[in-house]
Amino acid sequence: MLRNVKTYYKPTTVEEAVMLVQSNSATIYLGGGAWIVAQGDPTLEAVVDLQKLGLAEIAGDVDGVQMGAQVTLQELIDHTDAGKLANGVLGQAASYTQSRNLREQGTLGGTLIVAGAADPLTTVLSVLDAQVLYADPEAHKAPFASFIAYRDRLIKAQALIVEVRVPRPSARSAAAFEVVGRSPKDKPIVCAAAYIKVEEGLPALVRVAVGGAGEKPVRLLKTEQLLKGKLLTAAKVTAALQPALAVLKPQGDFRGSAEYRLEMAGVLARRALLEAWEKARRGKQ
Ligand SMILES: Cc1cc2nc3c(=O)[nH]c(=O)nc-3n(C[C@H](O)[C@H](O)[C@H](O)COP(=O)(O)OP(=O)(O)OC[C@H]3O[C@@H](n4cnc5c(N)ncnc54)[C@H](O)[C@@H]3O)c2cc1C
């Protein structure tokens, strides 16, 4: 419950929404409200409902898919283009964020703002070369890696996420997502995503990220460098993962010890890389 909220704004422009939040520290953006209502912060005095900003659309064209910040997680999964993009990994990751009821309520923007260390959507967007459009109130566009790195700064500046863009994967490329949770459909304890583009029979582009093995989802850049241009085998992938895994510092909790998380990060990253590689070189969508 938000017992002390006295004012409810419903602006019609992005600029107005940002100004309203930035002018009062006790005012907050209201996406789907799933997290805000569950938190019940007693210091909140006003909310800025984002429903009238026209940010609930998904649009696809030859270049990619644009998803407004107010698109719900379930809309993303059900959308014929977004849900199936990149071998369906975007829809698959969204299906692991929350239960069905919360996916109907929770929005893309709200989810990316409160995303935890093992957030599947953040992990998948990291390998899909996504971009985040935000307003502070000026319009900006950030590569997804920068968004993750500077998310706390954006939250402090009370910037508004406007849209997420995912480029359409090129021919001869494929993505894969792997996850381990307490049950087959539970939120991830650890997850991994990979994207591989093949040229002349070899990986010309390799991206791999893991969630749940550090403070936030992270790209394994060293592994990507080591695997580029090599014929991938399980042994080569395992060896290339070692230097990147060696610098991860997972925190253990009741869902998984630090050792378990590190072990799973390696297992899932290897599976995701090999699956993406097989699909890409066989031209499977
Ligand atoms: C029982 C329960 C369990 C949950 N468990 C988890 C969990 O384990 N992990 C997890 O990550 N989340 C969890 N959540 C949180 C929540 O369900 C999801 O993260 C949800 O998808 C948030 O989306 P929302 O649109 O409802 O966000 P809201 O609740 O509307 O907003 C969340 C935050 O994001 C900000 N915000 C919203 N939209 C934007 C925007 N476009 N630009 C900038 N800021 C914005 C809000 O101001 C707020 O600070 C849980 C919620 C509930 C009720």
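Residue numbers start at 1 and run along the sequence shown. This is a predicted model, so every value here is computed, not measured.
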Using atom types as modelled and distance alone, determine if a side-chain donor or acceptor of [X] lies under 3.5 Å from a backbone N or O of [Y].
X    : Y    : value
R168 : D61  : yes
R151 : I113 : yes
Q70  : G109 : no
Q131 : V166 : no
R103 : Q74  : no
N87  : V89  : no
S173 : P169 : no
T123 : D119 : yes

Check whether [X] and [Y] end up in the same hydrophobic cluster, where Ile, Leu, Val, Met, Phe, Trp and Tyr are linked by side-chain heavy atoms less than 4.5 Å apart.
X    : Y    : answer
L221 : L248 : no
I155 : Y29  : no
I161 : L133 : no
L55  : L112 : no
L205 : L274 : no

Taking all non-hydrogen atoms of both residues, which atom of [X] and which atom of [Y] are closest, and how far apart?
X    : Y    : value
A240 : T223 : O-OG1, 2.9 Å
P11  : L53  : O-CD2, 3.5 Å
L50  : A17  : CD2-CB, 4.5 Å
A234 : R270 : O-CD, 3.9 Å
Q66  : G64  : NE2-O, 3.9 Å
S126 : I148 : OG-CD1, 3.4 Å

Only counting residues at least two apart or in another chain, list the ones meeting ring pair (Phe, Tyr, Trp, His ring centres under 6.0 Å) with Y195.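 By the ring pair (Phe, Tyr, Trp, His ring centres under 6.0 Å) rule, Y195 matches no residue at all.
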
Sequence neighbours left out, what passes ring pair (Phe, Tyr, Trp, His ring centres under 6.0 Å) with F147? Give chain and number order.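 Result, ring pair (Phe, Tyr, Trp, His ring centres under 6.0 Å) vs F147: F144.
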
Report the distance from atom [atom1] of [X] to atom [atom2] of [Y], rounding to the nearest 0.5 Å.
X    : Y    : atom1 : atom2 : answer
T7   : E45  : OG1   : CD    : 8.0 Å
L90  : L85  : CG    : CG    : 6.0 Å
E75  : I58  : CD    : CD1   : 6.5 Å
L232 : I196 : CG    : CD1   : 5.0 Å
D63  : R165 : CG    : CZ    : 9.5 Å
E57  : E163 : CD    : CD    : 10.5 Å

Summary of ring pair (Phe, Tyr, Trp, His ring centres under 6.0 Å) pairs that have at least one residue in residues 60-110, sequence neighbours excluded: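 Checked against ring pair (Phe, Tyr, Trp, His ring centres under 6.0 Å) - neighbours excluded - the pairs reaching residues 60-110 are Y96-F177.
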
Do we see a donor-acceptor contact under 3.5 Å between the side chains of [X] and [Y]?
X    : Y    : value
Q51  : D49  : yes
Q105 : N101 : no
T13  : K52  : no
D186 : S183 : no
D41  : T43  : yes

Is V164 close to Y134 at the side-chain level, that is, under 4.5 Å between some pair of heavy atoms?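 Not touching, per the 4.5 Å side-chain cut-off.
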
Are side-chain heavy atoms of Q225 and K222 found at a separation under 4.5 Å?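 Sidechains of K222 and Q225: in contact.
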
Is the closest basic N to carboxylate O distance between [X] and [Y] below 4.0 Å?
X    : Y    : value
R261 : D253 : yes
R219 : E224 : yes
R100 : E104 : yes

Kindly determine whether D129 and K197 satisfy salt bridge (Lys or Arg N to Asp or Glu O under 4.0 Å), including the steps that lead there. CA-CA 12 Å; D129 198 24; K197 181 185 171 193; over 6 Å; no

